Amino acid sequence: MAGAESLAPLDKGVVRRNWDIRAAAWNRWAEVMEKVAGRFNEPLLDAAEVASGHRVLDLASGVGEPALSCARRIGPEGVVTATDMSPDMLDGARRRAAAAELDTMRFEIADMEALPFADESFDEVICRFGIMFCPDPAAALAEARRVLVAGGRTAWMVWGPMEDTTIFAVIQSRVRAALGLAPDPNLAQFRFAAPGLLAGLMTDAGLGDVAERELRLDARPAAGSKFWRANMEMSFAEELADATPAQRAEVERQVEAGFAEYLKDGAYHITAHARIGVGRRPAA
Ligand SMILES: C[S@@+](CC[C@H](N)C(=O)[O-])C[C@H]1O[C@@H](n2cnc3c(N)ncnc32)[C@H](O)[C@@H]1O
């Protein structure tokens, strides 16, 4: 089985800059995406066994997923600490928590490869679609283990292969084609697409009871709906900001044509495939 050595290298400075640039688009679309986000958040929170009154650390919270769902689940006696390396992304989480009056949320700018928290300070550590952006994911997993209480659970959500998630497959191919950009075979987002890779790293990090769970979701957005716009702007914020009106029109035309291939009985038949790596810090 492929191990960490199979992962394409990443530069953390470039990763951080890219997320700072995308933050405005992620903020703009956060509320629209909330319902879809919930379909991913609940299985992740279930996998980590997050429950009322727990102290939870959410890594790479971005603009607040799944930290806000987590705050709702743990109730007034719990605390969720939302963290991210990008201050601009985390500002979105702060804004949304204030709007929702979720006062059990804490916020901290933090690189998950070097966490600013004491040993054994959380009941659960969760991370949704973040570890793939770490140059050193083994360091992130070791840090999660360190800050967990003995027996505490951790759950990490990653994407399966790009072709299993229709929205990414169509948007990546069509937007790139319309803008004259080459396909990127090493998209960081899909760095953990190989089954077993995440579980192997979790085991190497000293976590116990490690397993990977598959999460496959279907959706049926109505024909003609622009359900893809949020995802497109969040994925290609920088490139679209530089596009001319003619290029932008071509992008929209191409993306519409791409999704038309999935039309049946008045709806687009689309799928998503994520994977959840679960484990726990062994009892001492
Ligand atoms: C795809 S977004 C996921 C955000 C959120 N968890 C969600 O699912 O909507 C990836 C996030 O990972 C953050 N990130 C990347 N590398 C990180 C690191 N080493 N430490 C902390 N956050 C990191 C980025 O700033 C970005 O907000």
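These figures come from a predicted structure and were not determined experimentally. Residues take their numbers from the sequence shown, with the count starting at 1. As the structure lists them, so they are numbered: ligands from 1, and atoms in each ligand from 1.
- The shortest N or O to N or O distance between L59 and ligand 1 is not under 3.5 Å.
- The A110 neighbourhood of ligand 1 comprises atoms 20 (N), 21 (C), with distances under 4.0 Å to a heavy atom of that residue.
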Steps toward side-chain contact (heavy atoms from CB on, under 4.5 Å) verdict (L7, L197): CA-CA 9 Å; L7 292 171; L197 178 53; 3.7 Å; yes
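- Heavy-atom contacts of W26 reach the following atoms of ligand 1: 1 (C), 2 (S), 9 (O) (cutoff under 4.0 Å).
- Under 4.0 Å from ligand 1, not a single heavy atom of C127 appears.
- For S86 and D20, the side-chain atoms include at least one donor-acceptor pair closer than 3.5 Å.
- Scanning the protein heavy atoms around atom 20 (N) of ligand 1, the nearest turns out to be M112 N, 2.9 Å.
- Aromatic ring centres of F40 and W159 lie closer together than 6.0 Å.
- M85 CB, 3.7 Å is the protein heavy atom nearest to atom 23 (C) of ligand 1.
- Atoms of ligand 1 lying under 4.0 Å from any heavy atom of S86, numbered from 1 in the order shown and given with element: 25 (O).
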Q: Show the numbers, then the answer: is there a side-chain contact (heavy atoms from CB on, under 4.5 Å) between V170 and W228?
A: CA-CA 9 Å; V170 170; W228 40 265; over 6 Å; no
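- Smallest separation of non-hydrogen atoms from L115 and E143: N-OE2, 2.6 Å.
- Nearest protein heavy-atom neighbour of atom 2 (S) of ligand 1: W19 CH2, 3.5 Å.
- Looking at D164 and H273, their side chains do bring a donor and an acceptor atom within 3.5 Å of each other.
- Among all protein heavy atoms, the one lying closest to atom 19 (N) of ligand 1 is D111 OD1, 2.9 Å.
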Evaluate side-chain contact (heavy atoms from CB on, under 4.5 Å) for I74 paired with S52, printing each intermediate quantity in order. CA-CA 4 Å; I74 59 179; S52 179; 6.0 Å; no
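- Counting only heavy atoms of the protein, atom 27 (O) of ligand 1 lies nearest to D84 OD2, 2.7 Å.
- Distance from atom 10 (C) of ligand 1 to its nearest protein heavy atom, with residue and atom name: F129 O, 3.4 Å.
- On a distance-only criterion, R128 and ligand 1 share at least one N/O pair closer than 3.5 Å.
- For atom 12 (O) of ligand 1, the closest heavy atom belonging to the protein is A60 CB, 3.3 Å.
- Not a single heavy atom of A140 lies less than 4.0 angstrom from ligand 1.
- A salt bridge links E233 to R28: one of the charged nitrogens lies within less than 4.0 Å of a carboxylate oxygen.
- With a 6.0 Å cutoff to the six-membered ring centre and a 45° limit on the axis angle, R22 counts as a cation-pi contact of W19.
- Partner of F227 under the ring-ring contact (aromatic ring centres under 6.0 Å, His included) criterion, out of W29, F259, Y262: F259 alone.
- Near M89, the atoms of ligand 1 lying under 4.0 angstrom from a non-hydrogen atom of the residue are 27 (O).
- Among all non-hydrogen protein atoms, the one lying nearest atom 15 (C) of ligand 1 is F133 CB, 3.6 Å.
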